[in-house]
Amino acid sequence: MGKGSGYGKVILLGEHFVVHGAPGIVSAIDSTTDAEVKKAVKGINIRDERKTAKGYSEEKRLQQIESIERMLKTMGIDSKIGLDIWIGGTLPGFSGLGASAASSVAIARAIAQELGMLVSDKKINQVAYEAEKAYAGNPSGIDNTAATYGGLMWFKKDVAGGPDKIEKLHVRRPIEIVIGSTGKVANTKAMVEGVAERKKKNPAKYDAIFKQAENLAVAGRKALEAYDLKKVGDLMNENHRLLQEIGVSSKELDMLVDLARKQGAFGAKLTGGGGGGCMVALTPGKELQGKVLSSIKSLGFEVLSTKIGAERY
Ligand code: PMV
């Protein structure tokens, strides 16, 4: 049997803008999607045992099948191969946490192991990027990169097709965060397409917003490296406003963002594709983290708490 894992992630700054070449800052989280793969007589037989938001697996099923077909092709494996694939792990299937990319990385690693193929991380990342096209249409590559390598990273897509810029970032101490799920499953592909359409229709407005997003990421990197967490929080708030302007937030996301800020979060924003999915709040220190977490939980939303910038994931 072959086994593999991929990290979940939160985007601290720059989702959607990264698709069009602006830089983004992403962090892996300490939850993974795990996969086990065994050769089978025929067919691709998937047993998906991840904890998910209601309707997640159904909404993603066709995209999941397409993603595996894309993976096999990129790995040079006959599409008629029979495989039993189990998917599980601690990363919940909530939209926005890179669950699709984490599962692609996990499955690609497990397939490679089962078939005795030696596949580098660079190749796994490329395979998962091709798989992400099934879920995101035109992905930036930020999710699969975080899922493959882990860590806190600066990511900039080369829109001309050259190698993306990926740099590991280091912070003085890991930083507590809280993730709240709206419980709503979002279609990343539709969200990414929506932004591209609106950008095309209104280039002047969107170019100005995209420039601001780029400046935010540059300032965010400096603030993180200087461990100026108030500044990082302010920039996350500003980033959320830009995401609202490009039409990817939602009533529930705005509500969770407001709630986290009222409880003292240094900053809060939607994370990932938006339109549902998750909110991330910067909550340095265990006490603040606990306060924000329980306020969200008390309203009946699912929450996760973790740290970014830890060296071990
Ligand atoms: O919602 P998720 O976890 O799939 O994150 C999508 C992030 C986007 O920036 C919206 C798309 C991308 O490929 O970068």
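Keep in mind it's a predicted model, so treat the numbers as computed, not measured. Each ligand, and each atom within it, is numbered from 1 in the order the structure gives.
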With a 4.5 Å heavy-atom cut-off, do E167 and R221 have their side chains touching? yes

- Query: Distance only, no hydrogens: is a donor on one side chain within 3.5 Å (strictly under) of an acceptor on the other, for E176 and S305?
  - Reply: no

- Query: Relative to each other, are the rings of Y313 and Y7 parallel, tilted or perpendicular (30° and 60° limits)?
  - Reply: tilted

### Message
If we only consider heavy atoms of G98, is any one of them less than 4.0 Å away from an atom in ligand 1?
### Response
yes

If you compare D143, N187, N144, T145 by their heavy atoms, the one closest to atom 2 (P) of ligand 1 turns out to be D143

Hey, is ligand 1 close enough to V18 that some N/O pair sits below 3.5 Å? no

When distances are taken from atom 1 (O) of ligand 1, the protein heavy atom at minimum range is G273 N, 2.8 Å

From the list M279, E302, Q263, M255, side-chain contact (heavy atoms from CB on, under 4.5 Å) with I296 holds only for M279

Note to self: Tell me whether S100 reaches ligand 1 (any heavy atom closer than 4.0 angstrom to a ligand atom).
What the structure shows: no

- Message: Between ligand 1 and K9, can you find any atom pair, the residue atom being a heavy atom, that is separated by under 4.0 Å?
- Response: yes

Cluster question for you: counting only ILVMFWY and a side-chain heavy-atom cut-off of under 4.5 Å, with indirect links fine, are I65 and W86 together?
-> no

Per-atom filter on ligand 1: closer than 4.0 angstrom to a heavy atom of E15 are 9 (O)

min-distance protein heavy atom vs atom 9 (O) of ligand 1 -> H16 N, 3.0 Å

Atoms of ligand 1 under 4.0 Å from any heavy atom of P139, numbered from 1 in the order shown, are 13 (O)

Value for NZ (K60) from OG (S67), rounded to nearest 0.5 Å, stands at 11.0 Å

Quick look: L97 vs ligand 1, heavy-atom contacts under 4.0 Å, and the answer is backbone

Atom 12 (C) of ligand 1 has as its nearest protein heavy atom S140 OG, 3.4 Å

*asked:* Ignoring hydrogens and geometry beyond distance, is a side-chain donor-acceptor pair present between S249 and D254 at under 3.5 Å?
replied: yes

